[in-house]
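Numbers restart at 1 for each chain; the letters A, B, ... are given by sequence-line order, proteins then strands.
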Amino acid sequence: MASLSTSLLTAVQSLDAASGGLQVTNNNIANANTPGYSRQVAILQEATPTTDGSISVGNGVVLEGFQSVRDELVQMRIQQQTQANSGANAQLSSMQQIQPTFTTSTQDIGTEMSALFSSISSLSANPNSSAAGEAVLTAGKNLATAFNTASNTLTSQQSSLNSQVTQDVGQINQLTQQVAALNPQISELNATGQNGGTLLDQQNQLVLSLSALTNVAVTQTPNGVTLTTGNGTPLVMGAQSFTLQTATGSNGMTQVLDQNDSNITTSISSGDLGGTIQTRDQTIPGLLGQLDTLANQFGSAMNAAQAKGFDQSGNAGQNLFNVSSTVAGSAGDISMAITNPSQIAASSDGTSGSTGNLVNLIAVQTTALPAGQAPGNAYANLVYQVGSVTSNATAEAGATASSLLQLNDQLSSVSGVSIDQESANLITYQTAYQAAARVVSTVQALFTITLAMGTAAAE
Amino acid sequence: MRVTNMVPDIQYAMQQSQQALSAALQQVSTGLRVNQPSDDPSASANMVVSLAESASVDQYTSNINSVSPLMQSADSAISAMVTSLNTAITLGTSGATGTASVTNKQDMAAQVEGALSSLIAQANTSFQGVYVFGGSATTTPPFAAASSTYTSAQGSAGSPLASTTALTAGSVTTISDATTGDTMTFKAATGDTIATLSTAIANAVAAGTLSAGTTASINAAGQLAIGTNSSTNGIVVSSNDAPLGSMSAVSGSQVANAYAYVGDSSVNTVQVGNSMNVATSVSGSQMLTSGANVIGSLNGLITALQSGTSTQIATATTAVSTALAYVGQQRIPLDNSISEMSNQESYLGQETLTLTTQQTSLVGANLADAATNLSQAELTNSAVLAAAGKVMPETLLSYLPQ
C-alpha cells in the first residue's frame, strides 16, 4: 500500500532519473563538436508498480543507464564512401602536380616541337644563315629539355607516391593496433550488458581513419570488430592486429605484404593507399610509357631523316638526337647529339648551301610514327589522357565528397548532438528535478505534520 | 529529418560557391574557358594540334617574307639578262645588215662582250649571301671565269705526283666545262689513283660532258695538270683531295668570254604551305648553259661580229634570239612562284584567322556567358554567406532567459 515512505522513495528515484538526464545532456553538450561522438540518451523505465488487491500503484521511474544512438548501416556507408573519396583525392593530388607540365605554355613539348620544325623551316628559307642554324640547335635542345622535364615530373611524382605507400602502411598498422586494443574492452562491456559508448565511438573513429587510408571490410563479431582488406586479408581479429609489411618489388616499387608475406598490393583499391598505388602503378606508368614511346620514335625519326642528308662538310648526317636503344627512359635521357649548326644535314647532295634534306626533317612533323600517329597528334593524345585522368579524379572526388556530406548529415540526424534539443532536454530534466525535489519537500512536510499529530495527541 | 549541426553543410556550400566564383573570375580575367587539360581534355588536345598548325602557318608566312625578296631579286636579275640579250640582238641585227664596217663590227663585238659580262654579273647575283642562280650550291658565285689549264697545289719536281698517286676515298674533284656547260664530278673510291681520275676524264670527254681534248696529266713541275689543250675552251676545276691540294688556274690561261657553271642542277625549296613548296633558287646551268646555251650564243655572236660574214652574224643573232626566248620560258616558273607566294600569303592570312577563331572556340570563354556566370556566382556566394550568417548564430539558447 502506498505510504509516505514509498512516495519519498519514488521522489528520490525521480531525482536520480532527472540527475541522470542532466548528466547525459551535459555530456552531449560537452561533446557536441567532438568528431565521432554519438549522442547519448538516458534510458528511463517505469518502475514496477505495487499491487494491493485490485489497486495497482506506480513506483516512479528507474534510470536503467545510458545508450549511444547509432546507425550502423549509415556508419558503414560512410566508411565505404570515405575510402572512395580518399582514393580519388590521392589521384587528384598527384595529377594536379603532373598536369601543369602538359598544359600549353611556352615550354611544353607541343610548343617546343612546333618551334623545332619552325626553326628547320626557317633554315630552309635562310640556308646560309648561321643564326638560323643555331636556332635549330636551340629549339632541339629546348625540345629535349621539355621531354626531360615531363619525364622527371612523372618519375618524381611516382617516387613521391612510392614513399607515401610506406607512410600509409605505417599509419594503417598503428590504427589496426589501436582498433584491436579496444576490442576486448568493448566486448567486456557488451558481455555485462553495458553500452560500448565512448569506446565504440573511439573505435568507429579509428575505423573511419583507417577507411581514409585503405579499403577495409568491417564485420561485427562477439569478440569485437573484425577488419579485413579487399582480398580478405585480416587486419584485426579480436584483440589481435596483423601488421602489413612493405618490400621493394622487382620494378623497384614498394609492395605491400600481408602477415604471410603475400603480395596484396594490387588488391588495395581505395583509400589514400589505393589511390596512391593506382596512380603510381597504373596512371603514371601509362603516361610515362606513351611519353617514352613518343620521345624514342620522334628522336629516331629525326635521326633517320638526318641520315638521308649531308652536313656542311659533305659528311652523311649523324644523329640529331641521342636516343636510348630501349624505349623505357627515352624521354628522360633524350638529348641533342650535335653541337654545331654545320652538323645539320640540310644538304641532299653533299653540296654546301643545299637544303634539299630539310624537307625530310620537316616531313617528320606530319608523318605517322610507328605507334600510328604523327608526333603532334601523339602528344595531343597524351595531353588528352592527362586531362581526362585529372578530370575524372576531380569528378570522383567531388561526387564522393558530396555523397559523404549527405551521409554525414544522415548520420548526424541520428547520432549528432542538437544544441537546441539538448537545451530543451536541459529544461525538461531541470523541471523534472525541481518537481521531484518538491515532492521530497512535500513528503518531508507531511512527515512533520504526521509527527506533530502524534505529539499533540500525547500532550 | 533531425538536423543537428549545419556547420559542415554551410562550409561545403561556401566552398562550392567560392570555387564557382573563382572559376568564373578566372574565365573573365583570362578570357579562357580552358586553362588546364582537365578543364576540357578534348579541347585541350585539339588545341595542341591547332597551335601546331598555327605555328606552321606563321612559319610559312615568315618563309614567304624571307624568300619573296630573294625571288624578286632573281626576277630582276633575269630582267636585266633579258635587257643584255636584247642589246646583243640589236647589235647583231645591226652587224648583219652588211652596211657595218669592220671597225663598227669590232665595236659591236666589244659591246656584246660587255653584255655578256653584264649577263654573267646578273647570273652571279646574290641576295643576303645566297647566290640565286647556283642551284642548291648557294654559297659561291655560280659562274666562274674559265681557264684552259688547272694545276694541283701538291707535287713538285723533287716530289712529283704520279699516275699511281692514291686519291682519298670520298674526295670529290669537279671539272666544269664552259663550252659544254656540263660538269664532271669524280668521287674517289678506295684504291683510286690519279690514273683512275684520268680515265674518268677521258670517259667524260667521250660522253660529251667535257670538251674534246680535255685531259689530265702530270706536268714537268710534278703537279697534276688538267687542261683543255685549247685556247678557246675553258674549264674550272676544284678538288678537296688532300694528296692533290687545291686546284688553281694557271696564270695567263684564262679563256676570254668563257664562263663555267660551278653550281649544281638541283634547287633549294622552302615550304610555304602544308603541301606547297616553292623553289628558292634557280639552276644557272638550266638557265644559261644547257638548253639554248645562252652564254654560248653570245660567244658565237662575238666571234661572228669579230670575224664572220653577215650571214654568220645573222645566224648568231638568231641563236641569241632563240636563247632570249629560252630565258623568257625559264622565267615563267619563277614568275609563277612569285605569284603563287603572293596568293599563298593571302591564304595564310585567312588561315591564321580561321585557326584563331577555332582556338577561341576551343578554349576561349564566351565573355557574355562568363560575365553572367560571374554575376551568378557572386550572387550565389553572397546568398550562401548571408544564409550562413543568419543561421549559424541561431540556437534555442538565444531565446532562453539568461
With no hydrogens and no angle check, just 3.5 Å: does a side-chain donor-acceptor pair link [X] and [Y]?
X      : Y      : value
A:S122 : B:N63  : no
B:S266 : A:D349 : yes
B:Q271 : A:S124 : no

[X] vs [Y] side-chain heavy atoms within contact, under 4.5 Å:
X      : Y      : value
B:P37  : A:T103 : yes
B:S136 : A:T355 : no
B:T269 : A:V359 : yes
A:T111 : B:L51  : no

Could you tell me which non-hydrogen atom of [X] sits nearest to which non-hydrogen atom of [Y], and how far apart they are?
X      : Y      : answer
B:S56  : A:Q365 : OG-NE2, 3.6 Å
A:A380 : B:V49  : CB-CG2, 3.7 Å
B:A55  : A:S118 : O-OG, 3.7 Å
A:Y384 : B:A45  : CB-CB, 3.8 Å
B:S44  : A:V383 : CB-CG1, 4.0 Å

[X] [atom1] to [Y] [atom2] distance, which is reported to the nearest 0.5 Å:
X      : Y      : atom1 : atom2 : value
B:Q16  : A:S402 : CD    : OG    : 7.5 Å
A:S105 : B:Q36  : OG    : CD    : 13.0 Å
A:S119 : B:Q59  : OG    : CD    : 8.0 Å
A:Q99  : B:S38  : CD    : OG    : 3.5 Å
B:Y12  : A:N408 : OH    : CG    : 12.0 Å
B:E53  : A:T366 : CD    : OG1   : 11.0 Å

(message) Using heavy-atom distances under 4.5 Å, tell me whether B:D264 contacts chain A through its side chain, its backbone, both, or neither.
(response) side chain
(message) Please classify the contact between B:V48 and chain A as side chain, backbone, both or neither, with a heavy-atom cut-off of under 4.5 Å.
(response) side chain
(message) Does atom CZ (A:F310) have a neighbourhood of more than 12 heavy atoms from anything else shown, all under 6.0 Å?
(response) yes
(request) Decide if atom CD of A:Q318 counts as having more than 12 heavy atoms of other residues, nucleotides or ligands within a radius under 6.0 Å. (result) yes
Heavy-atom pair count under 4.5 Å with chain B, highest-scoring of [options]:
options                       : result
A:Q421, A:M113, A:R39, A:E422 : A:R39
A:D409, A:V386, A:I419        : A:D409
A:S391, A:S413, A:S418        : A:S413
A:A374, A:G416, A:A424        : A:G416

(message) Heavy-atom pairs under 4.5 Å with chain A - which of B:N35, B:V67, B:D40, B:V130 has more of them than the others?
(response) B:V130
Which region of [X], side chain (C-beta onward) or backbone (N, CA, C, O), has a non-hydrogen atom less than 4.5 Å from a non-hydrogen atom of chain B, or is it both or neither?
X      : answer
A:Q96  : neither
A:I427 : side chain
A:N33  : side chain
A:V389 : neither

